[in-house]
Amino acid sequence: MMKKSKLITKAWKQMSSRVSKHRDATGKPKDIPHDVPKGHLVVYVGKEEESYKRFVIKIKLLHDPIFRALLDQSKDEAYDDFTSGDSKLCISCDETLFLEVIRCASPRYS
């Protein structure tokens, strides 16, 4: 059986390959929002899809053990939301918990 972190990495690669297929005639991604700086990604946080809140975080945070634990927990709780067909990274947790994880992880990855 694969480790949870390997499963997350596999799911992330699948999502990124889907995103790379969506390029316009110039080769630039057409579905990447203009408000997401290079080196960042969008995550959606909340307990239910209707209440998801959008956050832009540094990609480096994906390497943080605390953040990976949050991803593991979210994946266990809602695998369908975590790897939704529209390539959104959805984290099923309370917004305050997410912000606390980001606050703890950010100093190491700033």
Side-chain angles (χ1 to χ4, degrees):
M1 187 167 128
M2 279 197 209
K3 286 184 169 181
K4 288 181 184 178
S5 61
K6 287 186 180 181
L7 288 172
I8 290 172
T9 303
K10 182 179 176 183
W12 182 254
K13 286 180 181 178
Q14 288 173 345
M15 287 189 301
S16 63
S17 70
R18 280 187 239 144
V19 170
S20 66
K21 293 177 186 174
H22 301 290
R23 298 192 178 270
D24 63 14
T26 64
K28 294 182 180 178
K30 60 182 177 182
D31 293 336
I32 296 178
H34 297 287
D35 63 338
V36 180
K38 186 175 182 175
H40 292 70
L41 69 122
V42 175
V43 296
Y44 294 88
V45 178
K47 287 289 187 180
E48 296 183 19
E49 192 169 346
E50 298 82 31
S51 65
Y52 281 157
K53 188 166 181 182
R54 182 178 183 266
F55 292 89
V56 178
I57 63 168
K58 291 182 179 182
I59 291 175
K60 291 181 179 183
L61 287 174
L62 294 173
H63 299 291
D64 184 81
I66 297 171
F67 191 79
R68 290 189 79 105
L70 180 65
L71 289 176
D72 286 344
Q73 178 186 355
S74 180
K75 184 186 148 292
D76 290 344
E77 290 177 8
Y79 185 76
D80 292 336
D81 288 342
F82 185 78
T83 57
S84 61
D86 55 4
S87 300
K88 289 182 180 178
L89 179 56
C90 302
I91 300 175
S92 178
C93 76
D94 185 58
E95 181 182 336
T96 55
L97 172 64
F98 176 78
L99 292 173
E100 185 65 21
V101 168
I102 296 300
R103 187 185 66 76
C104 292
S106 290
R108 293 180 283 199
Y109 292 93
S110 359

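It should be emphasised that the depicted structure is a prediction, and the values quoted were computed from it without experimental measurement. Quick note: numbers below take in every heavy atom, side chains included, and nothing from hydrogens, waters or symmetry partners.
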Q: If you measure from CD on E100 to CD1 on I66, what distance do you get to the nearest 0.5 Å?
A: 9.0 Å
Q: What residues, two or more places apart in sequence or in another chain, satisfy ring-ring contact (aromatic ring centres under 6.0 Å, His included) together with F55?
A: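 Residues passing ring-ring contact (aromatic ring centres under 6.0 Å, His included) with F55: F98.
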Q: I'd like to know if the side chain of S92 and the backbone of S74 have a donor-acceptor N/O pair within less than 3.5 Å.
A: no
Q: Quick one: do L97 and L70 satisfy side chain to side chain contact (heavy atoms under 4.5 Å, CB included)? Show the steps, please.
A: CA-CA 9 Å; L97 172 64; L70 180 65; 4.0 Å; yes
Q: Is there a side-chain contact between V42 and L89 (heavy atoms, below 4.5 Å)?
A: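 Counting from C-beta outward, V42 and L89 never come under 4.5 Å.
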Q: Would you indicate whether the side-chain heavy atoms of F67 and I102 approach each other to under 4.5 Å?
A: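 A side-chain contact exists here, since the closest heavy-atom pair is under 4.5 Å.
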Q: Not counting sequence neighbours, which residues clear side chain to side chain contact (heavy atoms under 4.5 Å, CB included) with E50? List them please.
A: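 For E50, the residues satisfying side chain to side chain contact (heavy atoms under 4.5 Å, CB included) (neighbours in sequence not counted) are E48.
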Q: Output yes when a side-chain donor or acceptor of R68 lies under 3.5 Å from a complementary backbone atom of L62, and no otherwise.
A: yes
Q: Please examine the side chains of D64 and C104, heavy atoms only from C-beta on, and report whether any two atoms are closer than 4.5 Å.
A: no
Q: Could you tell me if the side chain of V101 sits less than 4.5 Å from the side chain of L61, heavy atoms only?
A: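 No - every pair of side-chain heavy atoms lies 4.5 Å or more apart.
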Q: Between I59 and L41, what is the shortest heavy-atom contact and its length?
A: CG1-CD2, 3.5 Å
Q: Can you name the residues that form a salt bridge (charged side-chain N to carboxylate O under 4.0 Å, His left out) with K53, not counting sequence neighbours?
A: E95
